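One structure is given here, and the rest of the page talks about it.
We count ligands from 1, going down the list as the structure has it; atoms in each ligand are counted the same way. Any value given below was found using the heavy atoms of this structure, including those in side chains, with hydrogens, waters and symmetry copies removed. Along the sequence shown, the residues carry numbers beginning at 1. Being a predicted model, the structure only gives us computed values, none of them experimental.
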Amino acid sequence: MKNIVVLISGRGSNLQALLAASHAEGWERSLGLRIAAVLSNRADAAGLQIAAEFGVPAQVVPHLDFTGRDAFDSALARAIDAHRPQLVVLAGFMRVLTNGFVENFAGRLLNVHPSLLPAFPGLGTHRQALAAGVRLHGATVHFVSSDVDAGPIVAQGVVSVRPDDDEASLARRVLEVEHRLLPRSVALVANGDVWLEGNRVRARPGVAAELAVFAT
Ligand code: GRF
């Protein structure tokens with residue numbers, strides 16, 4: 001069985017989408033993939049309740065208990081390694097990770113970001129998109145590199161920006177895309193259908209179409 005560890009900091013709707021997909025699509029039986037654990041840096045993350053509902057073990061590694069990023073990242077890495085994961089997924093994990101951590105998990109660390117990277121890294125992506133007047137916005141799943149919200153792109157989902165959109169309406173539609181994009185990307189990478197080669201993402205023939213999602 002290949003293990004997946006999911007890292008969260010808050011609401012956990014992407015975690016919910018992953019768990020729902022893994023159940024609905026029978027990942028354990030068909031792909032030998034299991035979401036083995038959820039780790040959060042915050043004890044009040046609502047996503048911990050979602051993990052409990054799905055019977056997935058969850059652990060809190062509170063960043064405030066550590067004196068610096070290195071100490072926190074070491075503790076986090078130990079907690080992750082205990083599950084010997086094939087893949088680690090940042091699903092709304094709101095901590096910047098050290099280079100050492102990122103290098104340690106190179107090629108098996110995925111993040112979901114609510115914009116069409118490289119446009120709009122960082123926070124407030126929907127506000128940034130509205131301010132820039134872009135007609136297309138969306139979400140990106142990428143391998144994590146030492147630059148924040150950069151790193152080789154696995155999959156992207158596009159939504160069109162409507163004239164009457166505000167941050168909330170745009171966020172809602174982008175989140176729906178994230179919920180389709182992340183489970184698909186995780187299954188493909190964990191299954192070895194998509195992989196990192198140097199700085200390039202490679203895909204087995206036939207799966208490329210699944211890495212671009214168009215919504216309205
Ligand atoms: C998502 O928009 C994700 O792209 C970003 O943080 C948000 C997390 O939402 N990195 P949730 O906790 O998965 O509901």
Side-chain angles (χ1 to χ4, degrees), residues 4-24 35 37-54 56 58-63 73 76 80 87-97 101-102 105 109-130 134 136-159 161 165-187 189 211-213 215:
I4 298 167
V5 171
V6 184
L7 272 54
I8 62 167
S9 296
R11 180 177 56 184
S13 71
N14 277 290
L15 169 66
Q16 161 105 37
L18 279 168
L19 287 165
S22 81
H23 276 249
I35 298 176
V38 172
L39 301 181
S40 172
N41 64 310
R42 299 181 57 109
D44 61 355
L48 291 169
Q49 184 56 39
I50 295 170
E53 281 160 19
F54 279 85
V56 175
Q59 185 185 344
V60 179
V61 184
H63 62 275
D73 281 11
L76 188 63
I80 293 170
L87 193 60
V88 180
V89 182
L90 308 181
F93 184 70
M94 304 302 283
R95 299 291 304 167
V96 173
L97 296 161
F101 182 98
V102 170
F105 291 101
L109 187 58
L110 288 181
N111 182 46
V112 58
H113 181 76
S115 79
L116 290 173
L117 290 172
F120 317 135
L123 299 174
T125 56
H126 311 305
R127 187 169 18 86
Q128 291 186 61
L130 289 170
V134 293
L136 296 171
H137 185 40
T140 302
V141 175
H142 63 97
F143 283 103
V144 175
S145 70
S146 41
D147 297 323
V148 176
D149 297 329
I153 290 171
V154 173
Q156 289 187 304
V158 178
V159 303
V161 180
D165 262 329
D166 57 17
E167 268 188 70
S169 63
L170 203 47
R172 206 161 31 245
R173 293 206 309 289
V174 170
L175 195 61
E176 282 172 23
V177 169
E178 291 185 42
H179 294 166
R180 290 166 59 191
L181 212 57
L182 187 62
R184 212 56 227 126
S185 303
V186 166
V189 173
L211 303 177
V213 166

When you check the side-chain N and O atoms of His126 and His137, is any donor under 3.5 Å from an acceptor?
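There is such a pair between these side chains.
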Could you tell me whether the side chain of Gln59 reaches within less than 4.5 Å of the side chain of Val38, counting heavy atoms only?
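Side chain of Val38 against side chain of Gln59, heavy atoms only: no contact under 4.5 Å found.
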Note, Val88 side chain near Phe93 side chain (heavy atom, < 4.5 Å)
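A side-chain contact under 4.5 Å is absent here.
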Counting distance only, does the side-chain N/O of Asp166 pair as donor-acceptor with the main-chain N or O of Ser169 below 3.5 Å?
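Checked: pair present.
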Give a table of atom pairs where an N or O of ligand 1 lies under 3.5 Å from a protein N or O.
residue  : atom   : partner : partner atom : Å
ligand 1 : 2 (O)  : Glu178  : OE1          : 3.3
ligand 1 : 2 (O)  : Glu178  : OE2          : 2.9
ligand 1 : 4 (O)  : Val112  : O            : 3.2
ligand 1 : 4 (O)  : Glu178  : OE1          : 2.7
ligand 1 : 4 (O)  : Glu178  : OE2          : 3.3
ligand 1 : 9 (O)  : Arg11   : NH2          : 3.1
ligand 1 : 10 (N) : Val112  : O            : 3.1
ligand 1 : 12 (O) : Gly12   : N            : 2.8
ligand 1 : 13 (O) : Ser13   : N            : 3.4
ligand 1 : 13 (O) : Asn14   : N            : 2.9
ligand 1 : 13 (O) : Asn14   : ND2          : 2.9
ligand 1 : 14 (O) : Arg11   : NE           : 2.5
ligand 1 : 14 (O) : Arg11   : NH2          : 3.2
ligand 1 : 14 (O) : Ser13   : N            : 2.8
ligand 1 : 14 (O) : Ser13   : OG           : 2.5

Is Arg42 atom CZ crowded by more than 12 heavy atoms from other residues, nucleotides or ligands, each under 6.0 Å away?
no
Pairs satisfying side-chain hydrogen bond (donor to acceptor under 3.5 Å, both in side chains), at least one member in residues 173-182, at least two apart
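Residue pairs with at least one partner in residues 173-182: Ser13-His179, Asn14-Glu178, Asp165-Arg173.
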